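The next block holds one structure in the form of structure tokens; read it before the comments.
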Amino acid sequence: MTELSVSILSADLANLAAETADSMVCGADMVHFDVMDGHFVPNITYGAPVLKCLKKAVPEAFYDVHLMISDPARYAQDFATAGANLINFHIEAVPNHVGQTIAAVRETGCLVGLTISPSTPPQAVFPYLDELDLVLVMGVEPGFGGQKFIPTTVSRVAAIKAECNRRGVSPRIEVDGGINEGTLETVMKAGANIFVAGSWVFGGDIAENVRHIQKEIEEISDRIE
């Protein structure tokens, strides 16, 4: 199954609940909730209290929480309690404690994802593939929305997909950053099956944009099957 995760980092924060709800009604599959701490990445976004309010306003959404923070294990339970369905964290944030952090997230009852930044080789996630529900491959440097897609993302996705096939495991592969009409098909062909879109969704008519992206996903899926 190929799915669209809408990045509310690009939404109008004054109308966050309404725009999130609009994207869900129009066919988005999940909400990508970016958490930045001003330490692991230079920007600061929102925390668990915002997620709690959004979950109350839009309870039907699946919340794909992306922790771009220095101590993900410490805050995993807070985000799970606030409404996260899946929590993914950066391998670069806890290079010596990846297994323990996976376990900490799993203990919250959430699905577990592991994220790699563009400078991290895809092989870094290979030892953990058996333990993961999702691998998130960043198509841009973490920390800011609206960046240009890094072309080597495609080969990184392909390497992870090939290793999953070799080992007979099937975590979802998500790509975040720079997803648009010019990049969607290439990452789909490489093996990704969840796509984070921010400005492509929230830059204009949300309903029309979501329907257009889902149509693109469906047509590409038909071509590459």
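Quick note: numbers below take in every heavy atom, side chains included, and nothing from hydrogens, waters or symmetry partners. This one's a predicted model, so the numbers in the text were calculated from it and none came from an experiment.
- Side-chain contact between His90 and His66 is present, with heavy atoms from C-beta onward closer than 4.5 Å.
- His39 and Ser70 share a donor-acceptor pair across their side chains, judged by distance under 3.5 Å alone.
- You'll find the side chain of Val187 reaches within 4.5 Å of the side chain of Ile179, heavy atoms only.
- In this structure, the side chain of Asn193 engages the main chain of Ile173 through a donor-acceptor pair within 3.5 Å.
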- Task: Apply the test side-chain contact (heavy atoms from CB on, under 4.5 Å) to residues Glu107 and Gln77: give CA-CA distance (whole Å), side-chain angles for both, the deciding distance (0.1 Å), then the verdict.
- Result: CA-CA 8 Å; Glu107 286 175 7; Gln77 185 60 61; over 6 Å; no
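- By the criterion of side-chain heavy atoms lying less than 4.5 angstrom apart, applied directly or through intervening Ile, Leu, Val, Met, Phe, Trp or Tyr residues, Ile150 is not grouped with Val135; the two fall into different hydrophobic clusters.
- Counting heavy atoms of neighbouring residues, nucleotides and ligands inside a 6.0 Å radius, atom NE2 of His97 does not exceed 12 of them.
- Counting all heavy atoms, side chain and backbone alike, Thr101 lies closest to Pro72 at CG2-CG, 3.8 Å.
- In this structure, Thr2 OG1 and Asp29 CG are separated by 9.5 Å, a value rounded to the nearest 0.5 Å.
- Taking 4.0 Å as the cut-off between side-chain N and carboxylate O, Arg166 and Glu163 count as a salt-bridged pair.
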- Message: Between Met30 and Ile194, does the side-chain contact (heavy atoms from CB on, under 4.5 Å) criterion hold? Intermediate values first, please.
- Response: CA-CA 9 Å; Met30 55 184 80; Ile194 301 178; 4.0 Å; yes
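- Both Val169 and Val98 sit in one connected hydrophobic cluster of ILVMFWY residues. Membership requires side-chain heavy atoms under 4.5 Å apart, directly or through other members.
- Considering only heavy atoms from C-beta on, Arg223 comes within 4.5 Å of Glu185 through its side chain.
- Remark: Ile8 CD1 to Leu54 CG distance equals 5.0 Å, nearest 0.5 Å.
- For the side chain to side chain contact (heavy atoms under 4.5 Å, CB included) criterion with Trp200, the lone passing option out of Leu184, Thr183, Leu4 is Leu184.
- Comment: Glu131 does not engage Arg106 in a salt bridge, judged by the lack of any side-chain N to carboxylate O separation of less than 4.0 angstrom.
- Between the side chains of Glu92 and Thr120, at least one donor N or O sits under 3.5 Å from an acceptor N or O.
- Taking each heavy atom of Tyr63 and Val58 in turn, the nearest pair found is OH-O, 2.8 Å.
- The shortest side-chain heavy-atom distance between Cys164 and Pro171 falls under the 4.5 Å cut-off.
- Taking the six-membered ring where tryptophan is involved, the planes of Tyr46 and Phe33 are tilted, since the angle between them lies from 30° to 60°.
- Taking 4.5 Å as the limit, some side-chain heavy atom of Tyr128 sits within range of a side-chain heavy atom of Ile91.
- With hydrogens and angles disregarded, a donor-acceptor distance shorter than 3.5 Å links the side chain of Arg172 to the backbone of Met1.
- To the nearest 0.5 Å, atoms NE2 (His212) and CD (Glu216) are separated by 4.0 Å.
- Panel note: side chain Gln214, backbone Gly27; a donor-acceptor pair is recorded below 3.5 Å.
- Using a 4.5 Å cut-off on side-chain heavy atoms (C-beta onward), Lys215 and Arg211 make no contact.
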- Task: Apply side-chain contact (heavy atoms from CB on, under 4.5 Å) to Met188 and Phe195, showing your working.
- Result: CA-CA 9 Å; Met188 285 184 68; Phe195 308 95; 2.9 Å; yes
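- Residue Val105 comes nearest to Ala76 through the heavy atom pair CG2-CB, 4.1 Å, listed as atom of the first residue, atom of the second, then distance.
- Across Val31 and Ala61, no two heavy atoms sit closer than the pair CG2-CB, 3.8 Å.
- Both Phe79 and Phe89 are part of a single hydrophobic cluster, where members link through side-chain heavy atoms under 4.5 Å apart.
- For the 3.5 Å distance criterion, the side chains of Ser5 and Asp64 qualify, holding a donor opposite an acceptor.
- Shown here is Phe40, whose CZ atom has more than 12 heavy atoms of other residues, nucleotides or ligands within 6.0 Å.
- In this structure, the separation between OG1 on Thr45 and CG on Asp37 is 8.5 Å, given to the nearest 0.5 Å.
- Of all heavy-atom pairs spanning Pro122 and Ile160, the tightest one is CB-CG1, 3.8 Å.
- The structure places CG of Asp176 at 5.5 Å from CG of Leu136, a figure rounded to the nearest 0.5 Å.
- When all heavy atoms of Cys110 and Ala84 are compared, the closest pair comes out as SG-O, 3.2 Å.
- Atom CE of Met68 is separated from atom CG of Asn43 by 8.5 Å, given to the nearest 0.5 angstrom.
- When the side chains of ILVMFWY residues are joined at heavy-atom separations under 4.5 Å, either directly or via intervening members, Leu13 and Val6 end up in a single hydrophobic cluster.
- With respect to the salt-bridge test (charged N to carboxylate O, under 4.0 angstrom), the residues Asp130 and Arg167 qualify.
- With hydrogens and angles ignored, the 3.5 Å screen pairs no side-chain donor or acceptor of Asn15 with any backbone N or O of Ala18.
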- Task: Evaluate the side-chain contact (heavy atoms from CB on, under 4.5 Å) criterion for residues Ser7 and Asp34: first the C-alpha distance (whole Å), next the side-chain angles of each, then the deciding distance (0.1 Å), finally the verdict.
- Result: CA-CA 7 Å; Ser7 175; Asp34 283 314; 3.4 Å; yes
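- Side-chain contact between Lys55 and Asn85: present, with at least one pair of heavy atoms (C-beta onward) separated by less than 4.5 Å.
- Under a 3.5 Å cut-off, the side chain of Asn88 and the backbone N or O of Gly113 do not form any donor-acceptor pair.
- Side-chain atoms of Thr153 and Pro118, non-hydrogen and from C-beta on, never get closer than 4.5 Å to each other.
- Residues Val112 and Val196 are members of separate hydrophobic clusters, defined by side-chain heavy-atom contacts under 4.5 angstrom among Ile, Leu, Val, Met, Phe, Trp and Tyr.
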